Amino acid sequence: MDKLLVHGGSTLRGSVNISGSKNASLPILAAAILTGEDCIIRRVPDVSDTNYMIQILSALGADVERSSGTVRITCAEISDEAPYELVRRMRASICVMGPLLARKGRAVVSLPGGCVIGDRPVDLHLRGLQALGAKVEFEGGNIILTAPDGLRGAEIDLRGTHGPTVLGTDNVMMAATLADGITIIESAAAEPEVLDLANFLNAMGAKIQGAGTRRITIEGVKQLHAVEHTVIPDRIEAGTFMAAAALAGDGVTLRRVNREHLKAITAAIVKSGHTVTFNDAGDSCTIHRGENLQGVDLVTAPYPGYPTDMQAQMTALLATTPGISVIKDTIFPQRFMHCAELKRMGADITVDNGTAIVRGVTQLSAAPVMASDLRASAALVLAALTAKGSTEISRLYHIDRGYEHIDEKLLQLGATVDRVRL
Ligand code: EPU
């Protein structure tokens, strides 16, 4: 298991390219199941989560080639049972369920367990697929969905107690592309990754309208065809580098970003006193660390609100920002594991009932810390950039699930980091 050694105190300068979005790539790769023809998907980040998805597709019988960020997938013959050994490694593998059901009339996927960011049920996914006519059974830890006579369009409200569901919306939208008739998803997730999936599906011949809003209409078609698509930039990777630049930078430029997708993150960074300047095209931005900094109050919310996936990184930034910040995660109220590790580095944080109260300290100090999940590990890397001394971050596989070559990108900006291979 690799570790990352981050030597605090270097100043970040220069520019870095942001990768294609992990969370857009995962359902788009799964959507290739919907056709027997070639799907060419560009800018798929080389991270372990996309590798798991490719392994799942291969195990299902897909022919997959990957080179320099481009993945070509052909699902000529495909099985309807996703292998447990691969599925259990990544919760997002649940998004093969909708496409398998639509293509094969049957899908067997192991029931995902909870994970460190909280209990992560799939009731909304199943509610949506049942509304399309699927029969749901549970056996030996698996979900078995069947629709021998095909799926039929329906009106479905996908709102849960914590708001809309991203992968649930994806699953129902993918299944509905091949259903008989019209499906309307109310309370749909409006994240840019859902819109990117809809654009991919429409380019395959699907008839989807309203993706990117709370109401999506899908008119079922008989079949889908070959497609070429380029994945959107990763707004969470961009946000993470924005936070790094605000913490330890002296003029850092991020290229290949999308200004529209970054509004809430930009607003939070600017509110804490830093400057973010976009070019006219909105695909590049430069962050300068501010001089008069202040704490901010943040509440995570579905898009276009402040993303839960940027909660931990912002907590790390605010840990050394003067003043008091209050951070509430309404989507995953248990997603505060990083706070215990940040406290070991000297942060002053109290977590209670889904809310962190952060009192900014002058400087953190290095300590051996442990990554608990993807975004928590990014938060630890950020905290270490300005901490006094060298921070050793273990369980680095968490960060490799979702950040493409993070150590190389940080080195490129002037950080002093070493990956220790054990
Ligand atoms: N929920 C239910 N029932 C369901 C599904 C979800 O109650 O059937 C609840 C969840 O427990 C949570 C809320 O609804 O409280 C939202 O969860 P959602 O379903 O939207 O999460 P997801 O689709 O499983 C995606 C991202 C996550 C991101 C969330 C929220 C991917 C692959 N994953 O997960 O990304 O945190 O949306 O925006 O797109 C990450 O990248 O680090 C990550 C965890």
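Remember, it's a predicted structure, so these values are computed and weren't measured experimentally. Indexing begins at 1, ligand by ligand and atom by atom, following the structure's order.
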| remark: A student checking ligand 1 against Thr308 at a 4.0 Å heavy-atom cut-off should list atoms 30 (C), 36 (O), 38 (O)
| request: Number the atoms of ligand 1 from 1 as they appear, then name those within less than 4.0 Å of a heavy atom of His162, with their elements. | output: 13 (C), 15 (O)
| request: State whether the shortest distance between N or O atoms of Thr161 and N or O atoms of ligand 1 falls below 3.5 angstrom. | output: no
| Could an N or O of ligand 1 be found under 3.5 Å from any N or O of Leu124, whether backbone or side chain? | yes
| Which atoms from ligand 1 have a heavy atom of Lys22 less than 4.0 Å away? | 40 (C), 41 (O)
| What atoms of ligand 1 come within less than 4.0 Å of a heavy atom belonging to Arg335? | 36 (O), 40 (C), 42 (O), 43 (C), 44 (C)
| Just distances here: any N/O of Ile331 and N/O of ligand 1 closer than 3.5 Å? | yes
| query | Among the heavy atoms of His125, does any lie under 4.0 Å from an atom of ligand 1? | reply | yes
| task | Would you please determine whether His398 falls within less than 4.0 Å of ligand 1 on a heavy-atom basis? | result | no
| task | Only heavy atoms count here, so choose which of Val166, Asn171, Thr300 is nearest to atom 37 (O) of ligand 1. | result | Val166
| task | Might you work through the side-chain hydrogen bond (donor to acceptor under 3.5 Å, both in side chains) test for Arg66 and Thr50, ending with a clear yes or no? | result | CA-CA 11 Å; Arg66 178 177 209 169; Thr50 60; 3.1 Å; yes
| query | Would you say ligand 1 has an N or O under 3.5 Å from any N or O of Arg91? | reply | yes
| request: Check each atom of ligand 1 against the heavy atoms of Leu374 and keep those under 4.0 Å away; list them by number with element. | output: 42 (O)
| message | Quick check on Pro164 - does any of its heavy atoms sit under 4.0 Å from an atom of ligand 1? | response | yes
| request: From the options Pro121, Gly168, Ala376, select the one whose nearest heavy atom is closest to atom 2 (C) of ligand 1. | output: Pro121
| Under 4.0 Å to a heavy atom of Ala92 - the qualifying atoms of ligand 1, by number | 32 (C)
